[in-house]
Amino acid sequence: MASTPRSGGSKKGPTKGSGGKNKRGLRGKGPTPKAEDRVYHKAHKAAQNRKTSNASAQAKRKKRELGPNMVAGRNSVLEALREGVPATAMYVSGRIDSDDRVRESITLATQRGISMLEASKPDLDRLTDDAIHQGIALQVPPYEYADPSDLLEFAADRAETPLLVALDGITDPRNLGAIVRSTAAFGGHGVIIPERRAASMTAAAWKTSAGAASRIRVAQVVNLARAIDELKKQNVFVVGLDMDGDVELPELSFTRDPLCIVVGSEGKGLSRLIAEKCDQIVSIPIAATTESLNAGIAAAVSLYEVARARRT
């Protein structure tokens with residue numbers, strides 16, 4: 001006996017088809033989005049909170065970098081005061097065990113009219129970002145950078161031929177301070193540094209300059225390549241220092257012209273773009289057994305050679 005097909009409403013019978021009416025609903029919707037990409041998922045909210053926290057932390061770091069620089073520790077504070085590093089305040093712990101360094105620091109700060117404030121250990125920890133402060137810290141204001149045009153005006157006011165130094169990739173503030181010192185020693189008129197990925201005029205640079213930073217201005221530029229182009233428009237001859245230079249330093253024939261010496265980093269030397277901007281690439285003759293010179297020494301040797309050539 002043949003069986004009769006059950007109706008669609010029967011529990012055990014075959015279900016009737018949709019006739020293609022729900023075809024769209026049967027299509028695949030692709031891979032499931034990540035939890036972080038689903039707006040109502042808790043992982044998405046956690047990711048947004050992390051982004052907010054990171055942005056806040058970056059803003060705080062930037063604010064701290066732009067704020068006053070703190071010199072911490074008895075030796076460091078005393079050296080900074082001896083070298084004439086500008087300071088706005090000196091913080092001293094109320095329970096500090098005074099020694100010769102502390103007493104001399106207090107004397108020098110008093111002579112210079114620097115405000116002295118009593119601070120607790122937690123306050124000093126906070127001010128110095130938990131550095132080893134030994135109960136004393138010096139607040140150094142942010143350096144007031146010049147414009148490259150100010151350096152040229154400085155040379156013009158002294159009726160001298162401009163002699164500038166530009167730094168490409170120098171990240172050690174002690175190298176920067178040493179170059180500032182050499183620039184002042186050999187009759188230079190200023191130093192140009194890029195704003196990013198480079199050493200700035202911190203207290204360490206001030207100390208290394210041994211007071212020269214108060215006599216020689218430092219200009220900071222957003223784009224060093226563009227700054228070099230502007231100098232060339234002002235008839236400044238731009239020389240880059242590199243081991244594979246076209247000519248050796250004693251053979252340079254443009255020492256009496258307005259001149260800018262570009263010094264690269266020890267490890268990488270001049271960047272490709274900056275090297276292309278230079279009018280001449282010059283090398284310093286050294287013994288074959290020596291791989292390279294420290295950036296500060298290379299700058300000092302070059303400045304000396306230019307000063308010697310201009311005197312003869």
Side-chain angles (χ1 to χ4, degrees), residues 145-155 161-173 175-176 178-180 182-183 186-201 205 216-286 288 290-307 309-310:
Y145 292 99
D147 187 85
S149 60
D150 298 331
L151 309 183
L152 296 176
E153 290 177 7
F154 176 58
T161 304
L163 175 58
L164 310 177
V165 178
L167 307 184
D168 178 28
I170 302 296
T171 57
D172 190 338
N175 267 339
L176 171 58
I179 291 170
V180 169
S182 296
T183 303
F186 296 113
H189 302 99
V191 176
I192 303 172
I193 61 174
E195 186 176 291
R196 300 179 61 190
R197 295 186 293 275
S200 57
M201 284 302 296
I216 292 294
R217 299 294 305 277
V218 176
Q220 191 178 63
V221 295
V222 176
N223 189 305
L224 184 59
R226 193 177 302 130
I228 289 175
D229 285 337
E230 291 299 320
L231 289 175
K232 291 166 74 172
K233 290 179 183 179
Q234 299 294 323
N235 298 318
V236 176
F237 193 78
V238 180
V239 171
L241 297 182
D242 192 87
M243 290 177 60
D244 301 321
D246 304 324
V247 299
E248 293 188 344
L249 183 62
E251 300 170 4
L252 187 63
S253 59
F254 298 95
T255 53
R256 296 183 182 276
D257 297 330
L259 190 65
C260 178
I261 301 171
V262 186
V263 183
S265 65
E266 283 185 59
K268 298 179 180 179
L270 295 174
S271 62
R272 180 188 57 80
L273 177 59
I274 298 301
E276 291 175 353
K277 294 289 183 180
C278 295
D279 296 307
Q280 185 85 62
I281 301 297
V282 179
S283 63
I284 299 174
I286 57 177
T290 304
E291 293 185 1
S292 64
L293 293 176
N294 171 277
I297 294 174
V301 170
S302 304
L303 288 163
Y304 166 76
E305 180 61 26
V306 172
R310 286 184 174 184

Task: Where I192 and P148 come nearest, the two heavy atoms and their spacing - done: CD1-CB, 4.2 Å
Open item on the list: Please report the interatomic distance SG(C278) to CD1(I228), rounded to the nearest 0.5 Å.
Closed with: 5.5 Å
Open item on the list: On a heavy-atom basis, which atom in E195 and which in Q220 lie closest, and how many Å separate them?
Closed with: CA-CG, 3.8 Å
Task: Nearest heavy-atom neighbours spanning I216 and G188 - done: CD1-O, 3.3 Å
Task: Rounded distance [0.5 Å steps], CG in L249 versus CD1 in I261 - done: 7.5 Å
Open item on the list: Between D168 and S271 (side chain of the first, backbone of the second, donor and acceptor by atom type, cut-off under 3.5 Å), is there such a pair?
Closed with: yes
TODO: Indicate yes or no for a side-chain donor-acceptor contact from K277 to the backbone of L224 under 3.5 Å, with no hydrogens or angles considered.
DONE: no
Task: Closest contact, heavy atoms only, V263 versus A295 - done: CG1-O, 3.8 Å
Open item on the list: As an exercise, state the distance from CD1 of I281 to CE of M243, rounded to the nearest 0.5 Å.
Closed with: 14.0 Å
- [ ] Give a yes or no answer on whether the side chain of Y145 reaches the backbone of S200 with a donor-acceptor pair at less than 3.5 Å.
- [x] no
Task: Nearest-0.5 Å distance that lies between atom CZ in F154 and atom CZ in R217 - done: 9.5 Å
Task: Flag, side chain of R310 to backbone of E305, donor-acceptor distance under 3.5 Å - done: no
Task: Minimum-distance pair of heavy atoms, taken over all atoms of A298 and L241 - done: O-CD1, 3.8 Å
- [ ] Step by step, work out the side chain to side chain contact (heavy atoms under 4.5 Å, CB included) result for T161 and R256.
- [x] CA-CA 7 Å; T161 304; R256 296 183 182 276; over 6 Å; no
Open item on the list: Is the shortest side-chain heavy-atom distance between V218 and I193 below 4.5 Å?
Closed with: yes
Task: Derivation of the side chain to side chain contact (heavy atoms under 4.5 Å, CB included) call for I284 and S302 - done: CA-CA 8 Å; I284 299 174; S302 304; 3.7 Å; yes
Open item on the list: Between D257 (side chain only) and L259 (backbone N and O only), is there a donor and an acceptor less than 3.5 Å apart?
Closed with: no
Task: Interatomic spacing from CG in L231 to CG in L152 - rounded to 0.5 Å - done: 6.0 Å
Open item on the list: Check this for me, if you would: do E230 and R226 make a salt bridge, where the nitrogen-to-carboxylate-oxygen distance has to be below 4.0 angstrom?
Closed with: no
Open item on the list: With side chain to side chain contact (heavy atoms under 4.5 Å, CB included) as the criterion, how do L176 and V191 come out once you've worked through the C-alpha distance, each side chain's angles and the decisive distance to 0.1 Å?
Closed with: CA-CA 9 Å; L176 171 58; V191 176; 4.3 Å; yes
- [ ] For N175 and L167, run side chain to side chain contact (heavy atoms under 4.5 Å, CB included): C-alpha distance rounded to whole Å, both residues' side-chain angles, the deciding distance at 0.1 Å, then the answer.
- [x] CA-CA 10 Å; N175 267 339; L167 307 184; over 6 Å; no
- [ ] Using atom types as modelled and distance alone, determine if a side-chain donor or acceptor of H189 lies under 3.5 Å from a backbone N or O of L164.
- [x] no
- [ ] For F237 and D279, work out which heavy atoms get closest and say how close.
- [x] CE1-CB, 3.4 Å
